[in-house]
Chemist: 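For reference, the structure I am asking about is given below.
Protein chains get the first letters and strands the later ones, always in sequence-line order, with residue 1 at the start of each.
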Number of protein chains: 2
Amino acid sequence: MMGNDELVSCCVKRPRERIIEMAQLLFRKHGIRGVGVDAIAEEAGTNKMTLYRHFGSKDELIAECLRETARTADPFWRDLEQNFPGDPLAQLHEWVRAVASYASMEAGGCDLVTAAFELPEPDHPARQVVEAFKHEQRQKLVGLCRKAGIEEAEKLADTLGLLLEGARVNRRSVGPDGPSARFVALAEAVIASFSAASGKVGEERQVEGA
Amino acid sequence: MMGNDELVSCCVKRPRERIIEMAQLLFRKHGIRGVGVDAIAEEAGTNKMTLYRHFGSKDELIAECLRETARTADPFWRDLEQNFPGDPLAQLHEWVRAVASYASMEAGGCDLVTAAFELPEPDHPARQVVEAFKHEQRQKLVGLCRKAGIEEAEKLADTLGLLLEGARVNRRSVGPDGPSARFVALAEAVIASFSAASGKVGEERQVEGA
DNA sequence: CGCCCATGTTACCGATCTGTAACGTCCGGA
DNA sequence: TCCGGACGTTACAGATCGGTAACATGGGCG
């Protein structure tokens, strides 16, 4: 064995990582319930036994995939603070642009929502991951709105959050040419109205996305 | 047999209707892929053979359930016109209230979205139903906004549509106490900002939902 | 070298799924 | 009264699913 699981010196990825990546991909393509563990293992270039040695069950694999997906949001928020330090309003506008860009990728960024729909059992391990992630993202967005000087910060954050979730879902329902394509323009209009209500009209940044 | 399928004079519903209703219910509770045709038939008080005599396959049953769900939107729009005749702005406000009320029911009104997530195959019969329904609802909402004198009618309609879709989905993800509970207030704020932009501030109707 | 452990391979279990065949039953209309 | 069609019942086929057991293999490290 290699000395450490974290410091992987091997050139190709270990089975565990390959399984997670391929599972995420296949879950998006065929739905979580639409793909079996056997297919995941085979597509990942390994076999079912190795999969079950790393993940005790399919449900645990699902939860681990969601945790991995959720982790991708961390560098996103870090970059936001890093690229616009001390300018929360600019960060808010960049948030809109960035999540729109992320949502228009094939991944769509709605793995967690998909899981919530496909696994309605209230005690499924995946649901805890989803709820925790959604709550955390909302808190961060509320904080950003508040620091940006928005008076009704929670209201704006919830509006933007629901708008984003709706855009993601609408994209999955009717394709990328529907209303979701106009998310940036819609979100900017909402921000503008909330900024005006706060008396702070700001730079009147007009980003037309569509 | 009875003379006509439409004029059902029997006191209890026929198997076909019972199957559709129970299928809708079970699909919502366990997910579409999470329930088998055998369970549907049994819960509907009939058996699998009768199910397959009415619906050629499970996929056709799914599509028929979605069509039935989509049909429930027709009386909704009719009531809107009937209760506020000639007052499109009032109809728009009532739209917000009504869809919020509908979305807060256990049904949630997102059967079609669920199907779109659970059945990613692009040529699945259910997808056509979903796309057609979403497009139709958008057109109606755009028309309502336009008649209400909103300048950027499409923009407002898309914002409200995505907001609603986000609220529905968020409710399924994090439960009924999340941001989705504030949908009415958020939607009203958006309408107000678009009305103000159109110069027509109107009655300044302030419906606080949360 | 020789041990250990992650991985690969094969076979299998029991359950469940969609879908079909064959046959019995019952009721409404002609 | 008799016939036809809708409905119920049982059994089954064929496939796939999640999950496990037993064993072979191969490479890193002492």
Chemist: For Arg16(A) and dC5(C), give me the distance from atom CZ to atom P, rounded to whole Å.
Modeler: 19 Å
Chemist: Got a salt bridge between Arg67(B) and Glu64(B), using NZ or NE/NH1/NH2 to carboxylate O under 4.0 Å?
Modeler: yes
Chemist: Please determine whether a side-chain nitrogen or oxygen atom of Thr50(B) lies at a distance below 4.0 Å from atom OP1 or OP2 of dC7(D).
Modeler: no
Chemist: Find the distance Ile19(A):CD1 to dG8(C):C1' and express it as a whole number of Å.
Modeler: 12 Å
Chemist: Hey, does the side chain of Thr46(B) come within less than 4.0 Å of dG8(D)'s phosphate (OP1/OP2), counting only N and O?
Modeler: yes
Chemist: Rounded to the nearest 0.5 Å, what separation is found between the CD atom of Glu165(A) and the CG atom of Asn170(B)?
Modeler: 5.0 Å
Chemist: Is the base of dG8(D) touched by the side chain of Arg53(B) through a donor-acceptor pair closer than 3.5 angstrom?
Modeler: yes
Chemist: Quick one: pull up CH2 in Trp95(B) and SG in Cys145(B) and give me the separation to the nearest 0.5 Å.
Modeler: 8.0 Å
Chemist: Hey, what do you get for CG (Asp38(B)) to CG (Leu51(B)), rounding to the nearest 0.5 Å?
Modeler: 9.0 Å
Chemist: What pairs of nitrogen or oxygen atoms, one from the protein and one from nucleotides 18-20 of chain C, lie under 3.5 Å apart?
Modeler:
| from | atom 1 | to | atom 2 | distance (Å) |
| --- | --- | --- | --- | --- |
| dT18(C) | OP1 | Lys58(B) | NZ | 2.8 |
| dT18(C) | OP2 | Val37(B) | N | 2.8 |
| dG19(C) | OP2 | Tyr52(B) | OH | 2.9 |
| dG19(C) | OP2 | Lys58(B) | N | 2.9 |
| dG19(C) | N7 | Lys48(B) | NZ | 3.1 |
| dG19(C) | O6 | Lys48(B) | NZ | 2.3 |

Chemist: Roughly how many Å is it from CD in Glu17(B) to P in dC7(D), rounded to a whole number?
Modeler: 11 Å
Chemist: Output the rounded distance in Å from CZ (Phe55(A)) to C1' (dT20(D)).
Modeler: 18 Å
Chemist: Can you tell me the distance, in whole Å, between the CZ atom of Arg14(B) and the P atom of dG5(D)?
Modeler: 15 Å
Chemist: Round to a whole Å and report the spacing from NE2 of His54(B) to C1' of dG5(D).
Modeler: 11 Å
Chemist: Looking only at the side chains, is there a donor atom on one of Gln24(B) and Thr69(B) sitting less than 3.5 Å from an acceptor on the other?
Modeler: yes
Chemist: Could you go through Lys48(B) and Glu42(B), starting from their C-alpha distance and side-chain angles, then the distance that decides it, and tell me whether this counts as salt bridge (Lys or Arg N to Asp or Glu O under 4.0 Å)?
Modeler: CA-CA 8 Å; Lys48(B) 193 165 55 171; Glu42(B) 194 174 356; over 6 Å; no
Chemist: Measure from CG on Leu51(B) to C1' on dT10(D) and round the result to the nearest Å.
Modeler: 17 Å
